[in-house]
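Below, all heavy atoms of this structure are taken into account, side chains as well, without hydrogens, waters or symmetry copies.
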Amino acid sequence: AYAKQEVMGFIAAAVAAVAVTAGQAAPKPHLIFMLTDDLGYNAPGYRNSDLITPSLDVLASEGIILEEYYVYRFCAPTRGSFHTGRYPFHLDAVEKNLIPWSMPAGIDLRYKFLPSILKDAGYSTHHIGKWHQGFFTKAYTPLERGYDTTYGFLVGGEDHYSQDANRGGPCTEKNVDLSRNGVPCFGENGTSDGLWSGDDARYNGFRFTDAAVAIIMNWTATDPPMFMYYAVHNTHSPTQAPERIQAQYSHIAWPLQQVFDAMVTTVDETAKNVTDALKTKGMWDNTLFIWCTDNGSPVAIAGTNDPLKGGKGSNWEGGTRVPAFVAGGFLPPAQRGKTFPLGMIHIMDWYATFAGLAGANVSSDASIAPTPLESIDMWPWLSGAVRTSPRNETVYDHRMVKNGSSVGNAVGALRIGKWKLVVGPESQAMWYGHFSPNSTCGSNKTAPCHPSLSYTECANTPCLFDVVDDKTEHVNCAGDHKTGVMSILLARWEELANEYHPPPNPPTQDKAYCDFVAQNHGFVAPWLPEEK
């Protein structure tokens with residue numbers, strides 16, 4: 001059956017190529033990218049029976065589930081990688097995740113963002129939800145980086161109900177972060193958009209979904225093809241979910257898990273509403289829909305990466321290998337209903353993949369960007385034209401601790417083929433189970449959790465894992481492969497030291513930031529004059 005499906009995939013790809021050659025160019029597909037926040041490997045419902053996610057489960061079953069899908073270990077670099085087509089370690093966000101908000105930093109303006117090249121190729125481009133790519137000046141914000149419209153928040157996390165973004169921040173007053181097309185939404189924070197009732201009415205997950213649905217429902221057949229980047233705020237902290245959805249998990253004893261699981265079900269409702277709108281408008285048959293998450297779950301806050309090792313903030317598979325699938329009517333019929341157990345794909349690969357489908361120029365920033373494009377066009381593999389992923393290498397991270405090119409001066413991880421090199425010390429070297437923190441931490445969530453997040457491995461000597469046969473990283477094979485495999489990976493690791501690494505982040509400017517927000521009626525917005 002598998003062989004037959006493969007043959008059909010080759011035939012479908014060949015027919016498409018002939019059609020284009022004959023001058024029957026197919027319309028460019030709508031590209032809908034839904035990025036979920038802080039949801040680890042053990043999700044959604046097709047992996048974890050605790051989770052109620054019927055829409056995501058059906059979409060995945062009708063598309064391609066990607067089992068070796070990689071991102072960075074935390075938020076902003078993953079998003080920057082998607083937008084630039086570069087490895088995260090080349091981006092300014094890797095040092096401190098662009099936190100706190102009073103740090104004047106963002107993704108280097110010399111990179112041309114994905115929506116910009118898609119707009120040049122005739123697409124309408126829309127951003128919904130979280131940004132977290134820098135905003136200290138207007139030049140770093142969504143409209144200036146290629147989006148036609150934007151509705152959401154600029155920082156990396158906020159209260160799901162009040163839109164307060166100052167949680168633990170530098171200012172004494174609230175920092176409300178909610179804006180539409182570059183203009184703060186004064187008076188709208190913590191209020192209903194009129195389409196929901198109860199505590200659903202003020203919840204970000206539904207507020208942003210309504211905006212996404214409205215954009216889709218306003219599309220007409222004479223409009224350009226659509227690119228939508230919907231960066232869902234769930235399941236990022238604070239751990240909050242509507243009571244209506246929490247009630248579906250009343251059978252779960254641990255209150256924290258009830259709320260977290262309800263946040264996942266909220267994501268499912270979001271996916272349903274967006275895809276239903278695409279179907280209602282007749283767009284679905286020409287849509288490529290991607291759903292994935294930005295990093296593993298933060299096991300000290302809430303979530304699960306089971307059975308993988310580690311979590312958000314680590315280079316273990318639990319921090320960097322996440323759930324993902326491709327769906328939509330544009331996917332060739334012979335490719336639907338598949339799982340790709342093998343085949344690396346990195347979030348940055350959508351840059352070249354989308355550009356290829358759109359006929360966009362992926363080299364438009366080549367003369368000024370600090371590093372060459374590293375994204376690979378995955379469409380031949382996804383469409384069935386080739387059997388294997390074109391990606392054979394993934395650099396999880398290569399953080400330079402100080403100048404120099406020896407292994408001892410950088411930390412991170414690298415995978416070539418099935419072999420993964422970890423150059424530590426790498427923390428979270430544990431397996432945190434089906435949900436973490438769990439009830440052993442105490443009902444008030446203040447008791448210490450075991451095992452410790454600070455437990456480290458690979459501090460003195462690099463580790464080696466076969467992450468095809470041992471994706472849980474239980475067996476360090478370094479002692480068995482001191483030559484051969486290890487020498488190849490270590491040589492590549494040394495080469496990476498010669499590539500571009502961003503300079504240190506600038507110091508924070510707490511007073512300038514907080515003074516601006518106070519003068520801006522408590523709302524977040526670009527807070528420094530434009531750079532010359």
Chemist: Distance check, rounded to the nearest 0.5 Å: Q428 atom CD versus T456 atom OG1?
Modeler: 11.5 Å
Chemist: For S297 and T304: C-alpha separation, side-chain torsions, deciding distance, then whether side-chain contact (heavy atoms from CB on, under 4.5 Å) applies.
Modeler: CA-CA 6 Å; S297 285; T304 171; 5.5 Å; no
Chemist: Would you compute the distance between atom CZ of R321 and atom CG of L308 and round it to the nearest 0.5 angstrom?
Modeler: 6.5 Å
Chemist: So, for C463 and F465, which heavy atoms are closest and what is the spacing to 0.1 Å?
Modeler: CB-CE1, 3.5 Å
Chemist: Looking at CD1 of I216 and CE of M226, how far apart are the two atoms once the value is rounded to the nearest 0.5 Å?
Modeler: 6.0 Å
Chemist: What's the verdict on side-chain contact (heavy atoms from CB on, under 4.5 Å) for L342 and V468, showing C-alpha distance, side-chain angles and the deciding distance?
Modeler: CA-CA 8 Å; L342 299 176; V468 170; 3.8 Å; yes
Chemist: Does M378 offer a backbone N or O that forms a donor-acceptor pair with the side chain of T353 under 3.5 Å?
Modeler: yes
Chemist: If we only count heavy atoms from C-beta on, is the W316 to V422 side-chain gap below 4.5 Å?
Modeler: yes
Chemist: Closer than 4.0 angstrom, basic N to acidic O: yes or no for R73 and E426?
Modeler: no
Chemist: Main chain of F260, side chain of Y249: is a donor-acceptor contact present, judged purely on distance under 3.5 Å?
Modeler: no
Chemist: Rounded at 0.5 Å granularity, tell me how far NZ in K272 sits from OG1 in T53.
Modeler: 14.0 Å
Chemist: Keeping N48 on the side-chain end and N42 on the backbone end, is there a donor-acceptor pair under 3.5 Å?
Modeler: yes
Chemist: Are P44 and D268 close enough that some pair of their side-chain heavy atoms sits under 4.5 Å apart?
Modeler: no
Chemist: Please assess N204 against E158 for the test side chain to side chain donor-acceptor pair (under 3.5 Å), listing each intermediate value before the final yes or no.
Modeler: CA-CA 9 Å; N204 268 357; E158 63 179 10; 2.9 Å; yes
Chemist: Provide the closest heavy-atom pair for I107 versus L91 in the form atom of the first, atom of the second, distance.
Modeler: CD1-CB, 4.2 Å
Chemist: Does the side chain of K312 come within less than 4.5 Å of H236's, by heavy atoms?
Modeler: yes
Chemist: Is any side-chain heavy atom of R86 less than 4.5 Å from a side-chain heavy atom of L373?
Modeler: yes
Chemist: How close do P88 and Y72 get, heavy atom to heavy atom, and via which atoms?
Modeler: CB-CD1, 3.4 Å
Chemist: Check whether N97 reaches the backbone of I99 with its side chain - one donor and one acceptor, N or O, closer than 3.5 Å.
Modeler: no
Chemist: Is any side-chain heavy atom of L56 less than 4.5 Å from a side-chain heavy atom of F325?
Modeler: yes
Chemist: Classify the angle between the aromatic ring planes of Y203 and F206 as parallel (below 30°), tilted (30 to 60°) or perpendicular (above 60°).
Modeler: tilted
Chemist: For F135 and V524, which heavy atoms make the closest approach, and how far apart are they?
Modeler: CE1-CG1, 3.3 Å
Chemist: For residues D50 and Q257, is any side-chain donor paired with an opposing acceptor at under 3.5 Å?
Modeler: yes
Chemist: Evaluate side chain to side chain donor-acceptor pair (under 3.5 Å) for E374 paired with H346, printing each intermediate quantity in order.
Modeler: CA-CA 10 Å; E374 291 159 311; H346 193 280; over 6 Å; no
Chemist: Taking it one step at a time, do D261 and I252 satisfy side-chain contact (heavy atoms from CB on, under 4.5 Å)?
Modeler: CA-CA 10 Å; D261 289 358; I252 291 177; 3.3 Å; yes
Chemist: Looking at V475, is its backbone amide N or carbonyl O close enough to the side chain of D470 to form a donor-acceptor pair, meaning the two atoms are under 3.5 Å apart?
Modeler: yes
Chemist: When rounded to the nearest 0.5 angstrom, what is the spacing between OH in Y70 and OG1 in T320?
Modeler: 6.0 Å
Chemist: Under 6.0 Å between the ring centres of Y351 and F82?
Modeler: no
Chemist: I would like to know whether E269 and R244 meet salt bridge (Lys or Arg N to Asp or Glu O under 4.0 Å); could you show each step before the answer?
Modeler: CA-CA 12 Å; E269 288 197 9; R244 168 182 65 85; 3.0 Å; yes
Chemist: Without swapping roles, check the side chain of W254 against the backbone of P437 for a donor-acceptor pair under 3.5 Å.
Modeler: yes
Chemist: Could you give all pairs that pass the salt bridge (charged side-chain N to carboxylate O under 4.0 Å, His left out) test and reach residues 295-306, with sequence neighbours left out?
Modeler: none
Chemist: Quick one: closest heavy-atom pair of P307 and T472, and the distance?
Modeler: O-CG2, 3.3 Å
Chemist: Could you give the distance from CG (N234) to CZ (F208), rounded to the nearest 0.5 Å?
Modeler: 10.5 Å
Chemist: Treating H127 as the side-chain partner and A231 as the backbone partner, does any N or O pair qualify as donor plus acceptor under 3.5 Å?
Modeler: no
Chemist: Please lay out, stage by stage, how K418 and E68 fare under the test salt bridge (Lys or Arg N to Asp or Glu O under 4.0 Å).
Modeler: CA-CA 11 Å; K418 69 176 186 176; E68 292 193 329; over 6 Å; no
Chemist: Does any N or O in the side chain of S389 come within less than 3.5 Å of the main-chain N or O of R391, such that one atom is a donor and the other an acceptor?
Modeler: yes
Chemist: Could you go step by step and tell me if T275 and W284 meet the side chain to side chain donor-acceptor pair (under 3.5 Å) rule?
Modeler: CA-CA 7 Å; T275 54; W284 183 251; over 6 Å; no
Chemist: With sequence neighbours excluded, give me every salt bridge (charged side-chain N to carboxylate O under 4.0 Å, His left out) pair touching residues 290-303.
Modeler: R79-D294
Chemist: Whether the side chain of E393 engages the backbone of L414 through a donor-acceptor N/O pair (distance < 3.5 Å, no angle test) should be reported.
Modeler: no
Chemist: So I347 and L35, do their side chains get closer than 4.5 Å, heavy atoms only?
Modeler: yes
Chemist: So, does W101 use its side chain to make a donor-acceptor pair with the main chain of A165 at under 3.5 Å?
Modeler: yes
Chemist: Given side chains that start at C-beta, do those of Y229 and T125 come closer than 4.5 Å, heavy atoms only?
Modeler: no
Chemist: Begin with the C-alpha distance, continue with both residues' side-chain angles, and end with the deciding distance and a verdict on side chain to side chain donor-acceptor pair (under 3.5 Å) for T293 and Y41.
Modeler: CA-CA 9 Å; T293 78; Y41 182 81; over 6 Å; no
Chemist: Going through the checks in order, is the side-chain contact (heavy atoms from CB on, under 4.5 Å) test met by R415 and M344?
Modeler: CA-CA 10 Å; R415 177 179 170 182; M344 280 187 279; 3.5 Å; yes
Chemist: Is there side-chain contact between I301 and T239, with at least one heavy-atom pair below 4.5 Å?
Modeler: yes
Chemist: Which residue is it: Y111, W350, W131? I am looking for the one with a ring-ring contact (aromatic ring centres under 6.0 Å, His included) to H83.
Modeler: W131
Chemist: For residues F74 and V94, report the shortest heavy-atom separation together with the two atoms involved.
Modeler: CZ-O, 3.4 Å
Chemist: Within 45° of the axis and under 6.0 Å from the centre of the six-membered ring of Y396, does NZ or CZ of K420 qualify?
Modeler: yes
